[in-house]
Amino acid sequence: MTKKELRQFIKSQITEHSGELSGLSEKICENIICAPEFSSSHFIFSYMPLPDEVDVLPLVEPIFASGKKLALPRVDSASGKMDFYLFNNMQEFTNGTSSGYCGILEPSESAQKITQIQIKEKTLIIVPGRAFTLEGKRLGRGKGFYDSYLAPLSPMENFCFAGVCFPFQIVSKLPFDGHDIPVQKVFSCSFCK
């Protein structure tokens with residue numbers, strides 16, 4: 001199956017299971033909160049979900065309640081580059097997002113950009129995707145934002161890349177190119193690997 005065909009197949013699965021997505025998202029968030037990678041991390045890099053992605057917004061309050069810092073992505077449509085911006089508390093998060101690339105909520109212009117070189121503490125990066133294998137291979141939406149962002153972080157031991165997906169987004173194999181960056185962990189609702 002090509003990447004395009006697999007994306008189409010996953011899209012049909014999401015449509016077929018649309019009534020279950022909210023409940024599955026809650027279970028996935030519970031698994032993330034219980035994971036040692038979450039509890040041991042100082043920073044949690046997450047994302048603002050699209051309607052067909054795992055809703056990770058239930059993680060926001062536990063992140064701040066446990067004294068962690070949240071970072072969210074913003075895409076510069078001119079350069080095609082994605083960067084992450086820091087939120088220190090719930091008030092900053094509530095007041096600091098606005099509609100951005102493709103209508104996705106993103107950190108506003110006033111948010112503090114966090115550069116990769118600044119981060120020395122343990123950091124969990126929660127990565128969305130269209131499909132994952134249990135070994136951590138990932139198929140994104142095809143723009144390469146996450147692969148580009150994660151590539152320079154791959155050799156650094158303080159970062160854990162964790163994919164999140166619905167159970168029907170887990171496949172036995174998928175097309176994987178040299179520039180594709182794998183995740184070290186995959187969170188779904190009935191397990192985490």
Side-chain angles (χ1 to χ4, degrees), residues 21-75 82-129 132 136 138 140 145-146 149-150 152-154 156-167 169 181-193:
L21 302 186
S22 178
L24 292 172
S25 291
E26 285 180 30
K27 290 177 185 172
I28 294 165
C29 287
E30 289 169 12
N31 281 345
I32 294 170
I33 291 167
C34 293
E37 292 83 1
F38 180 87
S39 60
S40 66
S41 290
H42 182 76
F43 292 101
I44 308 292
F45 283 41
S46 191
Y47 62 92
M48 296 298 277
L50 290 167
D52 63 351
E53 293 178 326
V54 173
D55 181 359
V56 290
L57 291 178
L59 297 175
V60 174
E61 283 191 33
I63 287 169
F64 293 131
S66 57
K68 303 177 190 307
K69 296 185 179 191
L70 171 68
L72 295 172
R74 184 169 77 210
V75 172
M82 181 177 75
D83 287 302
F84 278 79
Y85 293 78
L86 193 62
F87 295 90
N88 295 294
N89 55 53
M90 198 67 189
Q91 183 178 355
E92 283 184 14
F93 171 76
T94 303
N95 299 326
T97 58
S98 57
S99 183
Y101 178 78
C102 292
I104 301 167
L105 281 178
E106 293 183 329
S108 59
E109 295 289 331
S110 61
Q112 176 191 345
K113 181 177 170 181
I114 185 164
T115 60
Q116 297 154 323
I117 201 161
Q118 289 175 298
I119 306 165
K120 306 295 183 209
E121 296 89 352
K122 287 197 78 167
T123 300
L124 175 63
I125 301 182
I126 298 170
V127 184
F132 292 90
R138 171 185 172 269
F145 294 132
Y146 275 90
Y149 189 84
L150 298 176
L153 304 178
S154 291
M156 301 171 73
E157 292 183 12
N158 59 314
F159 289 93
C160 175
F161 309 155
V164 289
C165 65
F166 299 113
Q169 290 178 282
I181 304 297
V183 296
Q184 291 120 338
K185 191 167 188 89
V186 178
F187 288 106
S188 194
C189 56
S190 58
F191 68 91
C192 55
K193 173 87 173 129

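Here the side chain of Q169 pairs a donor or acceptor atom with the backbone of G129 at under 3.5 angstrom. Between the side chain of N158 and the backbone N or O of I119, at least one donor-acceptor pair lies under 3.5 Å. K185 places no side-chain N or O within donor-acceptor distance of the main-chain N or O of E37, the cut-off being under 3.5 Å.
The two residues S188 and C165 have their closest heavy-atom pair at OG-O, 3.0 Å. Nearest heavy atom pair, residue F132 against residue V164, reads CE1-O, 3.5 Å. Residues I32 and F38 come closest through the heavy atom pair O-CB, 3.1 Å. Here the closest heavy-atom approach between residue F161 and residue P182 is recorded as CD1-O, 3.6 Å. Between M82 and Y149 the shortest heavy-atom distance is O-CD1, 3.4 Å. Counting all heavy atoms, side chain and backbone alike, P73 lies closest to Y146 at CG-OH, 3.9 Å.
Rounding to the nearest 0.5 Å gives a distance of 11.5 Å between CD of E121 and NZ of K68. Here CG of L124 is found 9.5 Å from CD of Q184. Values are rounded to the nearest 0.5 Å. To the nearest 0.5 Å, atoms NZ (K122) and OG (S41) are separated by 6.0 Å. Residue S25 holds its OG atom at 11.0 Å from CD of E30, rounded to the nearest 0.5 Å. For the atom pair CD1 (I126) and SG (C160), the distance works out to 9.5 Å, reported to the nearest 0.5 Å.
None of Q112, E92, R74 except one satisfies the side chain to side chain donor-acceptor pair (under 3.5 Å) rule with Y85; the exception is R74. A side chain to side chain contact (heavy atoms under 4.5 Å, CB included) with I114 is found for one member of T123, D83, L86 and no other, namely L86.
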### Task
For side-chain contact (heavy atoms from CB on, under 4.5 Å), just list the numbers for I33 and L59, CA-CA rounded to whole Å, side-chain angles, deciding distance to a tenth of an Å, and then say yes or no.
CA-CA 7 Å; I33 291 167; L59 297 175; 3.6 Å; yes
### Query
How far apart are the C-alpha atoms of F166 and I28, what are their side-chain angles, what is the distance that settles it, and do they pass the side-chain contact (heavy atoms from CB on, under 4.5 Å) test?
CA-CA 8 Å; F166 299 113; I28 294 165; 4.2 Å; yes
### Message
The test is side-chain contact (heavy atoms from CB on, under 4.5 Å); show your working for F93 and L57 and say whether it passes.
### Response
CA-CA 11 Å; F93 171 76; L57 291 178; 4.1 Å; yes
### side-chain contact (heavy atoms from CB on, under 4.5 Å) assessment of S154 paired with I181
CA-CA 8 Å; S154 291; I181 304 297; 3.6 Å; yes
Show me, pair by pair, the donor-acceptor contacts under 3.5 angstrom made by side chains of residues 42-50, not counting sequence neighbours?
residue : atom : partner : partner atom : Å
Y47     : OH   : V54     : O            : 2.8

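When the salt bridge (charged side-chain N to carboxylate O under 4.0 Å, His left out) test is applied to E106, no partner is found at least two apart in sequence or on another chain.
Note: F64 and F87 fail the aromatic proximity criterion, with ring centroids not under 6.0 Å apart.
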